[in-house]
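Note that the coordinates shown come from a computational prediction; the quantities given were computed from them, not determined experimentally. Just so you know, ligand 1 is whichever comes first in the structure, and atom 1 is the first atom listed for that ligand.
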Amino acid sequence: MLRRVKLLAFVFPLVMSASPLLAASSGEAVYLKRCAVCHEQANDRIPPRTVLQKMSSARIVRALDAGAMMAVGFTLSREDRIAVASYLGTSTIESGPPASAFCSDRTVKLAATPKTSWNGWSPGSNNARFQPGNSARLSIDQVRGLKLKWAFGFDGDVIAFAPPTVIDGQLFVGSAAGLVHAMRAKTGCLQWVFQANGPVRSSILVVPLGSEYALLFGDMTGWFYAVKAETGKLLWKVQVDTHDSTRLTGGPGAHQGTVYVPVSSWEETRSGDPEYACCTFRGSVVALRIRDGKQLWKTWMTEVPTERGKNSRGTKSFGPSGVGVWSTPTVDAERNLLYVGTGDNYSPPVTDTSDAVTALDLATGRVAWSRQMTANDAYNSGCAGQETCGPDFDFGSSPILVHAPDARELLLAGQKSGIVWALDPAKQGEVVWQTRVGLGGTNGGVQWGMATDGQHVFATVSDVKRSRQTSQTDTRRYIIDPGAGGGLTALRVADGSQEWHVAAKPCPEGAPSGCSPSQPGAVTEIPGVVFATSTDGHIRAHSAETGELLWEFNTMRDFHTVNGVKGSGGSIDGPGPVVVNGMVFISSGYPRNGGVPGNVLLAFAPE
Ligand code: HEC
């Protein structure tokens with residue numbers, strides 16, 4: 001038996017390349033098992049097989065990776081996605097954006113000392129998401145008068161989940177199609193595009209490299225890139241993790257020639273399939289030399305998983321697993337530490353590294369300390385709703401390193417449990433205070449990030465209420481409650497007491513399905529103003545002092561885009577607003593988790 005398996009493993013690749021028929025048959029098998037139920041029925045909403053066969057394979061993979069078929073793609077390995085796409089689609093190479101989308105002068109030039117910048121996940125490496133006045137260049141009065149300047153459409157996408165990096169007048173942003181765009185912040189015209197292997201949702205960090213600059217970012221298939229800022233040419237790329245469900249969601253952090261890459265995965269969702277051997281992914285942080293991408297260290301967040309028995313369907317199960325790192329690591333140059341927030345375990349046995357704030361040595365990656373906030377949290381889509389399942393209380397957002405009003409340093413961390421924590425970095429993360437700002441839950445509580453100026457910390461909560469989708473044709477896996485969730489709270493950094501709270505408004509009657517008042521997106525602060533977003537499609541500005549609403553804009557509508565692509569906005573989730581040089585940028589569209597799709601990057605400025 002063993003010999004036969006070995007022989008097959010040896011022959012298979014040869015046969016694959018020699019006989020397109022066999023390669024096609026595995027794609028056909030995937031199609032029959034996973035696609036035919038919908039695509040072989042006569043239904044106005046579903047393109048039949050003959051229509052899929054006119055699409056390029058690249059577009060079909062994209063639909064499964066981050067497009068309309070995301071929910072179906074969730075249960076398919078990469079190999080199966082590519083197989084079914086090659087079986088169905090054409091080999092047409094896509095032509096890229098039309099010439100009219102490009103600037104007449106395509107020069108990209110970055111100043112040695114930029115006057116204004118929002119570089120990476122946060123303007124500073126402490127991840128406070130606070131933009132100082134000299135870089136924001138936007139007064140409270142100007143915020144009240146913000147107007148839409150331009151909209152850019154991501155062609156063929158249904159999700160817009162990447163935050164831009166903006167340095168003086170230069171903007172860089174990723175997309176679900178895996179295109180990284182260089183464009184002018186003022187007008188949204190393109191200078192170059194770079195095609196990554198998979199969707200790019202991570203924030204982009206610009207670092208000097210010799211006399212020029214490099215963009216550092218990850219994609220949703222585990223590849224990490226350095227691309228020349230001036231030209232969009234690839235400098236190097238490395239696959240930081242080869243697990244099939246690896247996803248680089250959080251953006252990189254950097255310090256003195258080293259870039260720190262957080263590694264997460266979608267295996268938790270994939271295990272909704274009882275035939276999937278759950279779970280073998282382990283979260284990690286990888287340190288790469290910026291010059292050439294050489295790996296300096298990799299620190300795993302759990303032990304190697306081993307076989308732990310079988311599930312009710314007889315599929316093997318593995319553990320420990322999970323503990324993904326979803327957010328940008330925070331550099332503490334003084335203590336030589338890197339702080340990361342970790343996610344839950346996917347399968348038992350549970351570990352004491354999940355749902356924790358962990359400090360790693362910058363030079364070696366050694367764990368200096370780790371403070372777990374929720375123990376016994378093994379959660380995956382397969383056990384959801386059962387008693388054996390943990391509460392899914394990840395840290396999805398970056399720990400923030402901040403000087404409190406009494407000059408003491410604190411680490412502020414928001415959790416999906418709905419609790420905001422203040423830890424003492426000088427005492428191995430000892431808890432200084434904790435305050436509940438939401439109910440918490442799977443996709444509840446604080447998800448993508450808070451903002452702080454050192455006096456106050458501002459947190460929004462998701463607290464979305466969802467039920468399983470039952471429709472035959474709607475591929476979204478969940479139906480969202482349009483009346484539940486959300487809320488923006490200001491806490492005093494000194495002691496965690498509440499300064500003010502603004503409750504979210506339910507979605508209006510007639511709002512599109514997927515509208516929700518939940519507020520999972522990251523928060524942003526400039527002097528005097530807090531920017532927050534919502535799954536109801538709004539971006540809002542509040543007074544930092546009182547919470548009073550200063551300005552709001554509903555992005556859930558169609559837009560004329562500067563690049564001529566049909567554009568629409570939807571739910572806002574994931575990255576928060578980016579405010580720099582008198583402008584405000586936000587991506588809109590997020591059908592994942594049941595929200596409303598969309599494909600635009602929007603830019604606002606005072607008139
Ligand atoms: C539960 C039903 C269902 C299943 C299963 C399903 N699809 Fe679809 N598919 C749809 C619907 C509905 C649409 C139209 C979506 C829309 O227009 O928003 C669609 C659209 C598409 C599109 C067009 C997307 C675009 O960008 O225009 C592609 C490609 C596609 N499906 C591929 C697949 C493949 C490949 C599989 C199997 C791996 C699959 N689908 C499984 C329901 C399904």
Quiz item: Charged N to carboxylate O below 4.0 Å: is that the case for Glu275 and Lys33?
Solution: yes

Quiz item: Do we see a donor-acceptor contact under 3.5 Å between the side chains of Asp558 and Ser568?
Solution: no

Quiz prompt | Candidate with minimal heavy-atom separation from atom 27 (O) of ligand 1, of Arg81, Met55, Arg59 | solution = Arg59

Quiz prompt | Polar side chain donor-acceptor pair, Glu267 to Thr280, under 3.5 angstrom | solution = yes

Quiz prompt | Nearest-option assignment for atom 43 (C) of ligand 1, heavy atoms, candidates Cys38, Gly73, Cys35, Gly89 | solution = Cys38

Practice problem: May I ask you to list the atoms of ligand 1 that are less than 4.0 angstrom from any heavy atom of Leu52? | Solution: 22 (C), 28 (C), 29 (C), 30 (C)

Self-check item: Val30 near ligand 1 by a heavy-atom separation under 4.0 Å
Solution: no

Quiz item: Is the shortest distance from a Lys or Arg side-chain nitrogen in Arg34 or Asp273 to a carboxylate oxygen in the other one below 4.0 Å?
Solution: yes

Quiz item: Applying a 4.0 Å heavy-atom criterion (strictly less than), which segment of Leu76 is in contact with ligand 1: side chain, backbone, both, or neither?
Solution: side chain

Exercise. Pick one of side chain, backbone, both or neither for how Pro597 approaches ligand 1, counting any non-hydrogen atom pair under 4.0 Å.
Key: neither

Quiz prompt | Verdict with supporting geometry, Arg466 and Asp481, salt bridge (charged side-chain N to carboxylate O under 4.0 Å, His left out) | solution = CA-CA 6 Å; Arg466 313 177 301 182; Asp481 184 334; over 6 Å; no

Quiz item: Would Arg78 and Asp244 satisfy salt bridge (charged side-chain N to carboxylate O under 4.0 Å, His left out), going step by step from the backbone distance to the final call?
Solution: CA-CA 7 Å; Arg78 188 111 217 106; Asp244 185 58; over 6 Å; no

Quiz item: For atom 33 (C) of ligand 1, which of His39, Lys33, Arg34 has the closest heavy atom?
Solution: His39

